[in-house]
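Start at 1 and go down the list; that is how both ligands and their atoms are numbered.
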Amino acid sequence: MPSAALTIDPAFTIAPVNRRTFGTFVEHMGRCVYTGIYEPGHATADEDGFRKDVLELTRELGVSVVRYPGGNFVSGYRWEDGVGPREDRPRRLDLAWHSVETNEFGLDEFIRWCEKSGVEPMMALNLGTRGVQEALDLLEYTNHPGGTALSDLRERHGAAPYGVKLWCLGNEMDGPWQIGHKTPTEYGRLAAETARAMRMIEPDLELVACGSSSSQMPLFGSWERDVLRETYDFVDHISCHAYYGNDDGDTASFLASAVNMDRFIDSVVATADHVGAELKSSKKIGISFDEWNVWYGERSRRTDDPADAWEVAPRRIEDEYNVTDAVVVGNLLISLLRHSDRVAVACLAQLANVIAPIMTEPGGAAWRQPTFHPFAITSRLAAGDVLRVQTSSPTVSTAKYGEVAAVDAVATYDQGKLALFAVNRSAEDAVEVTVDLSRTGVTGIDEALIVHEEDPLATNSVTEPDRVTARPFEAIELADGKLTITLPAISWMAVSLSTD
Ligand code: AHR
């Protein structure tokens, strides 16, 4: 059996674990909101119409922050449609997803849902069809204490100031599919002016400028540079979005998707630091990886077909994930944690039904996709400082990324607790992994879990919701400060250890 050697040392600190790494995303798209998180009349619905089964799963998933209300949706959205008495709210065409938006759920409901699920809201602004004034109006409604038209309106709607700190200045503004998409200079100017004006109301907001929609976009690199040249002094973070799929059947490359995420983050950090150097600024820009996931374009129904009926909450991109997808998601989280020195926020897109870890049936059950498990376990066990894991591993040949390490890992270290997260990206071979823990004062294994099945394409469904789950991991031994693990092909594992 091929073997790998890992070394963990508490001195190899990258940065503290950032809870905002465990964010997700709720967009008015398909059934994420309607019959996802919100379904009045459902057997589990609470007094606000929120599905309690989904609220419970959201808490179990360990979500820290949720981005809202889009996504592409936000670029045609009028936030004021979604506040105040429900009977007065207009129905609108949603051009992004070719559906009808009833506005039954809006900002006030979202903030209440965040309070109930214990997550921090991250609001996205419409900079597609709108601009500075509407952003200021939304900020006044959302956060201003009172005594002005919009803060008093919120008060009349029964709400105290929401105190939202984290704001995205638009969404994917480089994408030709985006309503009101822009050149980097057009967008950079608008984002800078919006940010500057918003800070006149609240100087300490955290603001995210749009980076490229993906690292495959034609302007990737120069978009970030040009946008940051306009916005550097006014924003805190720049966004990254990445979706990985296995449509072409190149499973070896798909399993190595985190190599692409590593390079993507490193490139955007380098570009941001280059602009910082040009500006002679000591400020560092963070990465808001506010959309990431596995997404099978081919498996999803096209949504831009004009013949599509204008429906309310139609089924859109309800990808069914398998074990291999879960291993990739676990590895992407390893990449995000490894970049905790620069990744300020990360949002798994999305939360319910739409390329989501949580699935629901209208009027029926809610269940966990295989991808739910690595996310929930990483969020639960990662604590203290993130540690770089020194890794020597056999390699796997991939068409897209060349030779890549089969085993990839990251660790976290807290007072009395060490957690190791690892994947085997080989589709063929199990790997025997030895982990040198001699510098960690480790005393015992508390918990070890694995996501792996004989059938790497196994999935969950409403009739078999727990076919794929995280199972107790037996092939792991601790002796003389050394951990020995047999990691099967296509697997993700986590182990939590006690230390002196
Ligand atoms: O998450 C689905 C869509 O993917 C989002 O609306 C958009 O921002 C991205 O292209």
Among protein heavy atoms, which sits nearest to atom 2 (C) of ligand 1, and what does the distance come to when rounded to 0.1 Å? Gln350 NE2, 3.5 Å
Could you tell me whether Glu56 and Lys52 have a side-chain N and a carboxylate O separated by less than 4.0 Å? no
Look at atom 6 (O) of ligand 1 and say which protein heavy atom is nearest, naming residue and atom and giving the distance to 0.1 Å. Glu27 OE1, 2.6 Å
Between Trp292 and ligand 1, find which residue part has any heavy-atom pair under 4.0 Å and reply side chain, backbone, both or neither. neither
Residues in side chain to side chain contact (heavy atoms under 4.5 Å, CB included) contact with Ala15, at least two apart in sequence or another chain: Ser340, Asp341
May I ask you to list the atoms of ligand 1 that are less than 4.0 angstrom from any heavy atom of Trp97? 3 (C), 6 (O)
Proximal atoms of ligand 1 relative to Phe25 (non-hydrogen, under 4.0 Å): 1 (O)
Test of understanding: given a 4.0 Å heavy-atom threshold, classify the contact between Val354 and ligand 1 as side chain, backbone, both, or neither. neither
In Å and rounded to the nearest 0.5 Å, what is the CZ to CG distance from Arg91 to Asn103? 10.0 Å
Nearest non-hydrogen protein atom, atom 10 (O) of ligand 1: Glu172 OE1, 2.7 Å
Can you confirm whether or not the ring centre of Trp492 sits under 6.0 Å from the ring centre of His452? no
For atom 9 (C) of ligand 1, which protein heavy atom lies nearest, and how many Å away is it? Glu291 OE1, 3.0 Å
Could an N or O of ligand 1 be found under 3.5 Å from any N or O of Tyr243, whether backbone or side chain? yes
Please determine if Arg342 and Asp273 form a salt bridge, counting it only when a charged side-chain N lies under 4.0 Å from a carboxylate O. yes
Measure from the side-chain N and O atoms of Thr231 to the backbone N and O of Gly188, and report whether any donor-acceptor pair falls under 3.5 Å. no
Give yes or no for whether the N/O distance cutoff of 3.5 Å, strictly under, is met between Trp177 and ligand 1. no
Measure from the ring center of Tyr68 to the ring center of His28 and say whether it is less than 6.0 Å. yes
Which of the ligand 1 atoms, numbered from 1, are nearer than 4.0 Å to a heavy atom of Asn171: 8 (O)
Please name all residues satisfying salt bridge (charged side-chain N to carboxylate O under 4.0 Å, His left out) with Asp46, sequence neighbours left out, ordered by chain then number. Lys116
I'd like to know whether ligand 1 has Phe73 as a neighbour, heavy-atom separation below 4.0 Å. no
What I want to know is whether His241 and ligand 1 share at least one N or O pair that is separated by under 3.5 angstrom. no
Of Glu39, Glu101, Glu104, which meets side chain to side chain donor-acceptor pair (under 3.5 Å) against Tyr34? Glu101
